[in-house]
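Have a look at the structure below before the remarks.
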There are 2 protein chains.
Amino acid sequence: MRFDKGHKEQTRRRIVETAARRFRKEGVEAVGIAGLMADAGLTHGGFYAHFASKEELVRAALEEASDQSRERRAVLLEKGESLEALVRSYLRPVHRDTPELGCAAAALIAEIARHEPETRSAFTGRLKELLAQFEAALPVDMPEEVRSRRAIGIFGTMLGTLQMARAVTDPVLSVKMLESGVEAALALATM
Amino acid sequence: MRFDKGHKEQTRRRIVETAARRFRKEGVEAVGIAGLMADAGLTHGGFYAHFASKEELVRAALEEASDQSRERRAVLLEKGESLEALVRSYLRPVHRDTPELGCAAAALIAEIARHEPETRSAFTGRLKELLAQFEAALPVDMPEEVRSRRAIGIFGTMLGTLQMARAVTDPVLSVKMLESGVEAALALATM
DNA sequence: CATATAATATGATGATCGTCATTTTATAGC
DNA sequence: GCTATAAAATGACGATCATCATATTATATG
């Protein structure tokens with residue numbers, strides 16, 4: 001078909017967005033190309049007109065999800081919200097329960113660590129941006145080197161406690177994990 | 001074949017140990033039964049004489065890996081080592097680089113969160129044991145409820161920072177993540 | 001309206017997946 | 001040494017995997 005310019009681009013975006021959701025929800029390996037394309041309202045054959053490989057889609061989906069998260073964080077911070085708002089928003093039951101819309105790192109970091117260097121590098125770049133945002137939201141009287149290490153500790157805490165809260169079957173413990181994560185992250189931010 | 005009693009049990013153990021290593025290294029989904037059995041020196045057909053399903057092996061492998069980790073932690077603590085030793089041992093480059101011998105949670109927690117409730121429950125039990133060990137290693141003058149939440153925060157920090165250190169391609173940043181994780185975890189333990 | 005063309009669909013590749021029925025084989029007990 | 005038996009091997013099941021060659025089809029352009 002000979003659609004108007006931008007039609008293919010739009011289709012590509014739809015595939016990437018579908019992938020970004022399903023990868024976060026089910027894991028990269030659990031999602032097949034055929035089912036993914038069907039979800040995007042297409043058949044499987046057209047996939048390789050858009051991407052050279054599944055790995056390339058993984059990178060695109062990772063960037064898509066990261067961009068969304070970064071934008072959300074930026075909006076919060078520009079509204080004058082503090083790091084505390086970011087922490088509390090991250091460690092909420094709704095984020096725990098909807099990984100398909102949430103932090104790509106929390107859903108996929110262990111799987112990413114096993115992917116090709118090119119994918120890991122793309123992820124590294126996005127993670128550095130995230131850490132820079134956190135760093136900038138820390139008290140200005142903190143030496144920069146301390147802020148930098150503190151940002152890593154804070155986000156690591158958020159990442160780990162969210163994953164724990166997602167994995168356990170005990171709902172009381174799960175909530176306690178979210179609360180303990182907030183407590184710990186805020187302690188690291190303010191001490 | 002009619003082997004002496006305990007032969008089958010021994011074979012089963014070998015399968016579980018092989019699985020515990022490969023699952024941690026490659027992820028559960030990336031490991032196929034056939035290849036796994038070959039790694040254990042067997043052919044694929046015998047698998048279902050030992051396990052009702054792959055999922056059952058996942059549970060067994062998870063328990064095997066957890067037992068090993070718990071034992072290692074217990075040895076350290078009984079030697080009179082503090083929580084600090086646990087933290088430093090966890091956030092070491094060698095642990096980052098050999099996930100197949102390391103913490104099952106760090107390698108598989110996100111994948112576990114997507115498994116059957118039975119598997120998640122088994123994991124929950126092991127995680128509770130781990131947190132209890134951490135809790136017991138915290139200062140006795142801390143109220144128990146605080147110790148409990150603190151233990152969650154500390155292990156969450158360790159989990160998250162180790163995973164970050166594994167995923168990034170920048171080796172300098174990776175080491176910085178390990179160090180920042182130690183710093184943050186110890187701060188939470190002593191404040 | 002006809003045609004060129006770009007986007008998507010169809011259909012197949014060989015490989016691998018988890019699972020299971022059947023057969024082979026080694027040895028423990030007679 | 002023979003035989004019963006339990007453990008492992010062989011081989012196959014249908015399903016799904018990523019990938020690609022080819023065919024179809026809708027529409028923008030002439």
Side-chain angles (χ1 to χ4, degrees), chain A residues 1-23 25-62 108 111-112 114-119, chain B residues 1-23 25-62 108 111-112 114-119:
Chain A
M1 318 171 199
R2 192 160 155 177
F3 292 105
D4 49 314
K5 211 155 64 167
H7 199 129
K8 190 180 180 185
E9 199 57 35
Q10 206 177 328
T11 301
R12 189 194 142 102
R13 274 199 63 82
R14 204 166 68 245
I15 299 170
V16 171
E17 277 164 18
T18 306
R21 292 174 66 116
R22 292 201 54 196
F23 285 163
K25 186 186 176 82
E26 304 162 48
V28 171
E29 194 137 26
V31 176
I33 301 294
L36 185 68
M37 291 293 279
D39 259 25
L42 300 161
T43 54
H44 65 279
F47 180 80
Y48 291 89
H50 294 279
F51 307 95
S53 64
K54 183 184 181 182
E55 190 69 18
E56 200 178 287
L57 171 64
V58 171
R59 278 193 288 277
L62 228 41
L108 300 173
E111 206 171 354
I112 291 166
R114 301 180 207 111
H115 273 257
E116 294 175 4
E118 204 172 335
T119 305
Chain B
M1 319 168 197
R2 189 156 155 180
F3 292 104
D4 49 314
K5 211 156 60 170
H7 198 129
K8 190 181 180 184
E9 199 56 36
Q10 206 176 328
T11 301
R12 188 194 143 100
R13 273 199 63 81
R14 205 165 68 246
I15 299 171
V16 171
E17 277 164 17
T18 306
R21 293 173 65 114
R22 291 202 54 196
F23 285 163
K25 187 187 177 81
E26 303 161 49
V28 171
E29 194 136 27
V31 177
I33 302 294
L36 186 69
M37 292 293 279
D39 259 25
L42 300 160
T43 54
H44 66 278
F47 179 80
Y48 291 88
H50 293 281
F51 307 95
S53 63
K54 184 185 181 181
E55 190 69 18
E56 198 177 289
L57 171 63
V58 171
R59 279 193 287 277
L62 228 41
L108 299 174
E111 206 171 352
I112 291 166
R114 302 180 208 112
H115 272 257
E116 293 175 5
E118 203 171 337
T119 306

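Every heavy atom of this structure was used, including side-chain atoms; hydrogens, water molecules and symmetry mates were not.
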Residue pair B:R13, B:E9: steps toward the salt bridge (charged side-chain N to carboxylate O under 4.0 Å, His left out) verdict: CA-CA 6 Å; B:R13 273 199 63 81; B:E9 199 56 36; over 6 Å; no
Residue pair A:E118, A:R59: steps toward the salt bridge (charged side-chain N to carboxylate O under 4.0 Å, His left out) verdict: CA-CA 8 Å; A:E118 204 172 335; A:R59 278 193 288 277; 3.8 Å; yes
B:E26 CD - C:dT16 P separation (whole Å): 14 Å
Nucleotide nearest A:T43 when distance is taken to its side chain, options D:dA9, C:dT10, D:dT19: C:dT10
C:dA7 OP1/OP2 closer than 4.0 Å to side-chain N/O of A:H50: no
Atom-to-atom span, CE of B:M37 to P of C:dC17 - whole angstrom: 14 Å
Verdict with supporting geometry, A:T43 and A:M37, side chain to side chain contact (heavy atoms under 4.5 Å, CB included): CA-CA 6 Å; A:T43 54; A:M37 291 293 279; over 6 Å; no
N or O in side chain of A:S53 less than 4.0 angstrom from D:dT19 OP1/OP2: no
Secondary-structure stems, DNA chain C, at least 3 Watson-Crick or G-U base pairs under 3.5 Å: C:1-12 with D:19-30, C:14-17 with D:14-17, C:19-30 with D:1-12
Sugar-phosphate only, base, or nothing, as touched by B:A49 at under 4.0 Å among non-hydrogen atoms: nothing
Those residues that, when tested against A:H44, pass side-chain contact (heavy atoms from CB on, under 4.5 Å) (two or more places apart): A:A34
Side-chain N or O of B:Y48 closer than 4.0 Å to phosphate OP1/OP2 of C:dT19: yes
Atom-pair distance (CD on B:E55; P on C:dG18), nearest Å: 12 Å
Touch class at under 4.0 angstrom, heavy-atom based, for A:G32 against every strand present: sugar-phosphate
B:E56 CD - C:dT19 P separation (whole Å): 10 Å
Side-chain N or O of B:T11 closer than 4.0 Å to phosphate OP1/OP2 of D:dA7: no
Partners passing side-chain contact (heavy atoms from CB on, under 4.5 Å) against B:S53 (at least two apart in sequence or in another chain): B:E55, B:E56
Rounded interatomic separation in angstrom, taking CZ from A:F47 and P from D:dT19: 7 Å
B:R114 side, atom CZ; B:T119 side, atom OG1 - distance, nearest 0.5 Å: 13.5 Å
B:F51 side chain near B:I15 side chain, heavy-atom distance below 4.5 Å: yes
Listed nucleotide nearest any side-chain atom of B:K8, set C:dT19, D:dA8, C:dA9: D:dA8
Protein-nucleotide distance (B:H44, atom NE2; C:dT24, atom P), rounded to Å: 16 Å
Atom-pair distance (NE2 on A:H115; P on D:dA18), nearest Å: 11 Å
Spacing between B:L57 atom CG and C:dC17 atom P, to the nearest angstrom: 14 Å
Nearest-nucleotide comparison on DNA chain D, the residue closer to the 5′ end among A:A52 and A:A30: A:A30
